[in-house]
Amino acid sequence: DHPVHAVTRSAHRSPAADGEGDEMSASRRVTTAVNDVLDLAPRHGEISLTRLVAAVSEDRSRPIEVTMADLPPGVCGQWRQYSDHDVFLIQHGLPTWDRTLAHELGHLVLGHYGISVADAARDVAELASDDLIGYMLNQRTGCMGPGGEDVEQEAEDFAALLLYRLGRSPSDRSSIVQVRLGEAFG
């Protein structure tokens with residue numbers, strides 16, 4: 001089962017590529033995306049990053065699998081899109097795996113679609129092995145979206161804000177409103 005698309009440090013597509021979000025600044029897109037994810041928080045119980053990933057999966061009616069993996073040097077995480085599900089690969093042994101998971105979730109909710117594996121492979125070889133595909137997915141071919149925005153920075157900003165809000169949020173959903181009011185009014 002090979003991914004249809006994958007996002008690492010390679011070419012990305014952003015909402016601006018489709019004419020969406022043209023009037024919205026990158027910081028506003030990030031804040032809106034974090035708010036949208038937090039709105040999906042479970043009504044009862046702990047609000048954790050893994051529960052938010054599950055809530056996004058349920059909201060999209062598309063499974064998201066989180067898997068620890070041995071990724072190439074310099075790669076902390078990767079979002080792979082298959083025909084019927086998504087996979088977030090997280091490097092084994094990362095001390096900040098939650099930051100990487102939040103970063104990959106940011107790519108997904110911000111609409112940073114990666115290069116088509118088939119298209120990338122077709123440019124290099126008629127038949128691509130798993131090793132060749134892995135190598136191609138991990139090449140630094142640029143992190144700028146077609147609108148000039150840095151989608152890696154946007155995903156980092158999403159991760160930072162989401163984890164900040166989760167860290168400030170007690171375990172009940174009503175506190176999210178208090179956090180938002182505090183941020184809005186100081």
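Count residues from 1 along the sequence. Both backbone and side-chain heavy atoms feed into the values below; hydrogens, waters and symmetry mates do not.
- By the side chain to side chain donor-acceptor pair (under 3.5 Å) test, T96 pairs with no residue at all, sequence neighbours left out.
- Qualifying side chain to side chain contact (heavy atoms under 4.5 Å, CB included) partners for E65, counting only residues two or more places apart in sequence or in other chains: T67, H85, V87.
- Separating the NE2 atom in H103 from the CG atom in L162 is a distance of 13.0 Å, to the nearest 0.5 Å.
- Side-chain contact between E152 and H112 is absent, with no heavy-atom pair separated by less than 4.5 Å.
- Shortest non-hydrogen contact noted between L49 and A102 is CD2-N, 3.9 Å.
- In this structure, CD in E46 is found 9.5 Å from CG in L166, a value given to the nearest 0.5 Å.
- Residues in residues 87-97 take part in no salt bridge (charged side-chain N to carboxylate O under 4.0 Å, His left out) pair, two or more places apart or across chains.
- Nearest heavy-atom pair, C76 versus T100, reported as atom, atom and distance to 0.1 Å: O-CG2, 3.4 Å.
- With rounding to the nearest 0.5 angstrom, the CZ atom of R29 is 13.5 Å from the CG atom of D36.
- W79 pairs with exactly one of L89, I64, L108 by the side chain to side chain contact (heavy atoms under 4.5 Å, CB included) rule, that one being L108.
- Counting all heavy atoms, side chain and backbone alike, L52 lies closest to V37 at CD2-O, 3.6 Å.
- Annotation: side chain to side chain donor-acceptor pair (under 3.5 Å) contacts of D157 (sequence neighbours excluded): Q153.
- S48 is linked by a side chain to side chain donor-acceptor pair (under 3.5 Å) to T50, counting only residues two or more places apart in sequence or in another chain.
- When all heavy atoms of V34 and R165 are compared, the pair lying nearest together is CG1-NH1, 3.6 Å.
- The shortest side-chain heavy-atom distance between Q91 and Q78 does not fall under the 4.5 Å cut-off.
- The CE atom of M68 sits 10.5 Å away from atom CG of L71, with the distance rounded to the nearest 0.5 Å.
- The two residues A55 and L40 have their closest heavy-atom pair at CB-O, 3.3 Å.
- Taking each heavy atom of F88 and V53 in turn, the nearest pair found is CE1-CG1, 4.3 Å.
- Partners of R60 according to the salt bridge (charged side-chain N to carboxylate O under 4.0 Å, His left out) rule, which considers only residues two or more places apart in sequence or in another chain, are D86.
- Of the N and O atoms on the side chains of H107 and E154, not one donor lies less than 3.5 Å from an acceptor on the other residue.
- Looking at heavy atoms from C-beta onward, Y113 lies in side-chain contact with Q81 at the 4.5 angstrom threshold.
- Residues that satisfy the side chain to side chain contact (heavy atoms under 4.5 Å, CB included) test with A54, not counting sequence neighbours, are absent from this structure.
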